[in-house]
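Just so we're on the same page: letters track the sequence lines, and every chain starts at 1.
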Amino acid sequence: MHDIKSIRDDAPAFDAALARRGLTPVAAGLLELDARRRGLQTALQEALARRNEASKAIGAARAKGLDAQGLIDEVAALKERIRELEDSERAAASALDTTLAELPNLPAEDVPAGADERGNVEIRRVGAPPNFTFAPREHFELGEALGLMDFAAAAKLSGARFVVLKGALARLERALSAFMLDIHTGEAGYEEVAPPLLVKDDAVFGTGQLPKFAADLFRTGEGLWLIPTAEVPLTNLVRESILAEVALPLRFTALTPCFRSEAGAAGRDTRGMIRQHQFAKVELVAITTPEQSAAEHERLTRSAESVLQRLGLAYRVMLLCAGDMGFGARKTYDLEVWLPGQNAYREISSCSNCGDFQARRMQARYRPTGEKQTRFVHTLNGSGLAVGRTLVALLETYQQADGGILIPAALQPYMGGLDRIPPQAG
RNA sequence: GGAGGGGUGGCCGAGCGGUUUAAGGCGCACGCCUGGAAAGCGUGUUCACGGGAAACCGUGUCGGGGGUUCGAAUCCCCCUCCCUCCGCCA
């Protein structure tokens, strides 16, 4: 959510920033709505002030036993005008808010230009893609051959884009989750949270999925939303609050299932676990000051990267261009892991600095030490990591010619000491 | 799901149609006092929006939304959250 005042202050800069996202100018229309709203508000407030003044005089006159009929008539006449002004003011404010709520965040200055993923810039590459003496298979071939990954069974239960994991692969998902959480809650200092998976409209509005992306979410009959990411409950932990500066930064991590309708993804990644309606993810969220958020963004990204490094997975870090960023982000790094079966880098984490964009929607503020005025916090989030896709990368990276899967040393304690998933006998 | 009781500033807590400009207390900030501190005394202390160069002024805000009234923290209706009991339940 943008501050209309900042648009008032520099409309051309606002439109120029939106243009970097490929959007047409909107500032002029917004300012017109804003001027109308403020005019109505001033008129309303003047009417209310007069009503308050006259009502007080009526009370005083009554107390002295004087006649106040003239004042009573005046206020009665004001009532209708107040009602009209209230309705008009509300309509104007609502029109302005509706428009503002659907505008994405502005890209940071150091975000490269570009309309789509072809404009993204590679920042660094870590680890070398493994060499194989055989043609590496895709994860679903490996998983199904092991008899531990069953898409057909999932389809019977739930339809397309679900999977059933069994045995060592079910364990592997649990192991990866615990491994990631331990990394983030350890030296990185994130506090582990077990949040609700069903949330209200306000929460989903706060992080920016509503109102524009309702079609991407699942909604219960009772009107609650299944979280598409733990970013929603974790970030909303600070909604409508005023934090002391010394309490910042707040760093939260959570393992949750994530639910996405994938409405616009028909035909993409239809095979395998890459794109599912439900997947596990360990999320990282940080709440900090405007001064600290850029550094916090780097720190958060490094925490996510450290998971890949300890698992020995090759990856690259991409700085997203203005046209490829998500709705709430002002700057985003994507981590892309190497998938030997696909012979490609695929997104496994997206780490974004949202600036004060979500904080405004949530009314999440802090009070700088020694100051009276409050300011909006900056919010950041990133996957650390998508567990399902990590499992995919692990299978494809550590596959053996016989169909078995080696378990990286760092993960073995979480697998009960197992060092490889053996190929299915027979 | 049923019945009942509640929600007032950072916190506690009065107020239940009009000098309430939300009493009083705690906490916090600043000042006085002090060798220094405590105590004491004094002043200040919700948030948002609008107007203004500023000082400051105005409007709204007593869980949320409607209504009654010249006037609502106070009366009425709906919603929401918390607590107690009953029912159901991992």
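Nucleotides B:rU8 and B:rA14 place their P atoms 11 Å apart, quoted to the nearest Å. B:rG36 and B:rG52: their C1' atoms are spaced 46 Å apart (whole Å). The separation of B:rC82 from B:rG25, taken at their P atoms, amounts to 34 Å, rounded to a whole angstrom. Separation of the C1' atoms belonging to B:rC70 and B:rG51 is 27 Å when rounded to the nearest angstrom. Rounded to whole Å, the separation between the P atoms of B:rU21 and B:rU59 comes to 11 Å. The gap from the P atom of B:rA72 to that of B:rG24 amounts to 24 Å, rounded to the nearest Å. Nucleotides B:rG10 and B:rA29 are separated by 13 Å at their C1' atoms, to the nearest Å. Between B:rG44 and B:rC56, the distance separating the two P atoms is 13 Å to the nearest Å.
With sequence neighbours left out, A:F213 forms a ring-ring contact (aromatic ring centres under 6.0 Å, His included) with A:F327. Not counting sequence neighbours, the partners of A:H297 by the ring-ring contact (aromatic ring centres under 6.0 Å, His included) test are A:Y333.
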Assess whether side-chain hydrogen bond (donor to acceptor under 3.5 Å, both in side chains) is satisfied between A:Q399 and A:E141, documenting all intermediate values. CA-CA 11 Å; A:Q399 62 180 296; A:E141 301 174 279; over 6 Å; no
Applying salt bridge (charged side-chain N to carboxylate O under 4.0 Å, His left out) to A:R275 and A:E262, what does each step give before you reach the verdict? CA-CA 8 Å; A:R275 193 175 300 275; A:E262 295 297 342; 3.4 Å; yes
Give the C-alpha distance, both sets of side-chain angles, the deciding distance and a yes or no for salt bridge (charged side-chain N to carboxylate O under 4.0 Å, His left out) between A:R310 and A:E187. CA-CA 14 Å; A:R310 293 174 208 222; A:E187 61 263 42; 2.9 Å; yes
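Aromatic pair A:Y414/A:F179: centroids less than 6.0 angstrom apart. A distance of 6.0 Å or more separates the ring centres of A:H378 and A:F357.
Atom-to-atom, CG of A:L48 to C1' of B:rC57 comes out at 15 Å; the value is rounded to the nearest Å. The CD atom of A:E53 sits 15 Å away from the P atom of B:rC57 (whole-angstrom rounding). Residue A:Q41 contributes atom CD, which lies 13 Å from atom C1' of B:rU61 at whole-angstrom precision. Remark: C1' of B:rC81 and CG of A:D202 are 13 Å apart, rounded to the nearest angstrom. Between A:R83 atom CZ and B:rU68 atom P the separation is 6 Å, expressed in whole Å. We find that CZ of A:R375 is positioned 16 Å from P of B:rC47, with the value rounded to whole Å. A straight line from CZ of A:R365 to C1' of B:rC47 spans 6 Å, rounded to a whole angstrom. Straight-line distance from the CG atom of A:L40 to the C1' atom of B:rG51: 15 Å, rounded to whole Å.
Side-chain proximity of A:K79 to the nucleotides B:rG50, B:rG58, B:rU69 is greatest for B:rU69. Of all nucleotides listed (B:rG18, B:rG60, B:rC49), B:rG18 comes nearest to the side chain of A:S55. When distances are taken from the side chain of A:R38 to each of B:rG71, B:rC47, B:rG51, the shortest belongs to B:rG51. Relative to the side chain of A:V75, the nucleotides B:rC70, B:rG58, B:rG51 differ in distance, and B:rC70 lies closest.
OP1 or OP2 of B:rC49 has not a single side-chain nitrogen or oxygen of A:R90 nearer than 4.0 Å. Put simply, A:N52 has no side-chain N or O that comes within less than 4.0 Å of OP1 or OP2 on B:rG58. One finds no side-chain N or O of A:R51 lying less than 4.0 angstrom from the OP1 or OP2 phosphate oxygen of B:rU59.
Heavy atoms of A:K5 sit under 4.0 angstrom from primed sugar atoms or phosphate atoms, though from no base atom. Residue A:I58 is classed as a base contact, given a heavy-atom separation below 4.0 Å to a base. When heavy atoms are screened at a 4.0 angstrom cut-off, A:R36 is found touching no nucleic acid atom at all.
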Pairing of RNA chain B as dot-bracket, 5' to 3': ( ) intra-strand, [ ] crossing, | other strand, . unpaired, with Watson-Crick or G-U pairs under 3.5 Å? ((((((((.[[[..)..(.....]]]((((((.......)))))).(((((....)))))..[[[[[..)....]]]]])))))))....
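In terms of position along RNA chain B, the nucleotide closest to A:I4 lies nearer the 5' end than the nucleotide closest to the other residue of the pair A:I4 and A:R50. Along RNA chain B, the nucleotide closest to A:D73 and the one closest to A:G59 are compared, and the more 5′ of them pairs with A:G59.
Put simply, the residue from A:E296, A:H184, A:E191 that forms a side-chain hydrogen bond (donor to acceptor under 3.5 Å, both in side chains) with A:R251 is A:E296.
Under a 4.0 Å N-O distance rule, the pair A:D9/A:K5 does not qualify as a salt bridge.
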